[in-house]
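Note sheet for the following structure.
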Amino acid sequence: MQLLDGKLLSQQIKLEIAEQVRTIKINGGKKPCLAAILVGNNGASETYVASKVKSCQEVGFDSKLIKLPADTTERELLTEINKLNNDDQVDGFIVQLPLPKHIREQKIIEAISPEKDVDGFHPNNMGKLALGLDGFVSATPNGIIEMLKRYNIPTEGKNCVVLGRSNIVGTPMSLLMSRKAYPGNATVTLLHSKSEQLREHLKNADIIIAAIGIPEFLKGNMVKEGAVVVDVGISRVPDASKKSGFTLKGDVKFDEVAPKCSYISPVPGGVGLMTVTSLLLNTLKAATRRHADK
Ligand code: GUN
């Protein structure tokens, strides 16, 4: 069994990005700039956004954090988005999800200019992904693809099961694994809450991407010998022995599943770190495109 080491990979990729930023600056260009909007005070969201801002600093990007109170109205948030759409200093931006209940998430996503939508959530970018056109692919699936590529995991003709059909992970992941490319060209099965014979599908899977958000859902007896398992789960489970009061748990029961795998990604230290790194890659792409157009 070999670990898919997100920490090591994300460090390597960040060095590569930093090198490209240096080249941009040597050539008289502007540093890429990522902005993030955070509404309210969801603990997990605050941690994720802080890590995105810190990663910008590590690679030499500019960053901008816009913190808004939980009672921000939809209209006020749309105004902030409009400002960022028109801010020439900002190459790409994200609105951290989930949003407070009184704000319609889809309305917000659709207000972001597709050229600055480095999360890849806008229907324009999701549509491009479905059609195999060049747009922004959302960060977590993109990070997983980068991970499979850099570990040379064979995917062509393999049975790939994606567990979970969220817009952020499961759906784009299933499109990426079935596209005509490497990594891709897999036979993809997308399993969800209404799927029957889950175990049969899983037992035939050469590659499993677990993204259902149920801690330790995938058990050892659900996985075939030699499978590649990518764990996207990152649930906060109460744990009184921890200073923070919680432990992070993936969707995979690691101790049982790992001995059967050829490769497996751990939680933490796996996909989560790749997500942040691929957001940086998307921002670099957005910046390069915008400045090439000028
Ligand atoms: N919430 C959980 N994952 C993500 C993500 O990738 N982007 C944004 N904007 N919010 C999230």
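All residue numbers in this chain count up from 1 along the given sequence. Counting convention: from 1, in listed order, for ligands and their atoms alike. Heavy-atom basis, side chains included; hydrogens, waters and symmetry copies ignored.
Under the 3.5 Å distance criterion, the side-chain polar atoms of Asn27 are left unmatched by any main-chain donor or acceptor of Gly29.
Here the protein heavy atom with the shortest distance to atom 3 (N) of ligand 1 is Ile168 CD1, 4.3 Å. For atom 4 (C) of ligand 1, the nearest non-hydrogen atom of the protein is Gln96 NE2, 4.1 Å. For atom 8 (C) of ligand 1, the closest heavy atom belonging to the protein is Asp119 OD2, 3.3 Å.
Ligand 1 lies less than 4.0 angstrom from a heavy atom belonging to Val95. Distances from ligand 1 to the non-hydrogen atoms of Tyr48 include no value under 4.0 Å.
Atoms of ligand 1 found under 4.0 Å from any heavy atom of Phe121, numbered from 1 in the order shown, are 5 (C), 6 (O), 7 (N), 8 (C), 9 (N).
Within 6.0 Å of the NZ atom in Lys30, the count of heavy atoms belonging to other residues, nucleotides or ligands exceeds 12. Atom CD of Gln2 has more than 12 heavy atoms from other residues, nucleotides or ligands within 6.0 Å. By the neighbour-count criterion of 12 heavy atoms within 6.0 Å, atom CD of Glu156 is sparsely surrounded, having that number or fewer from other residues, nucleotides or ligands. By the 6.0 Å contact criterion, NZ on Lys7 is open, its count of non-hydrogen atoms from other residues, nucleotides or ligands being 12 or less.
Between Glu19 and Arg22 there is a salt bridge, since a side-chain N of the basic residue sits under 4.0 Å from a carboxylate O of the acidic one.
Ligand 1 has a nitrogen or oxygen under 3.5 angstrom from a nitrogen or oxygen of Leu97.
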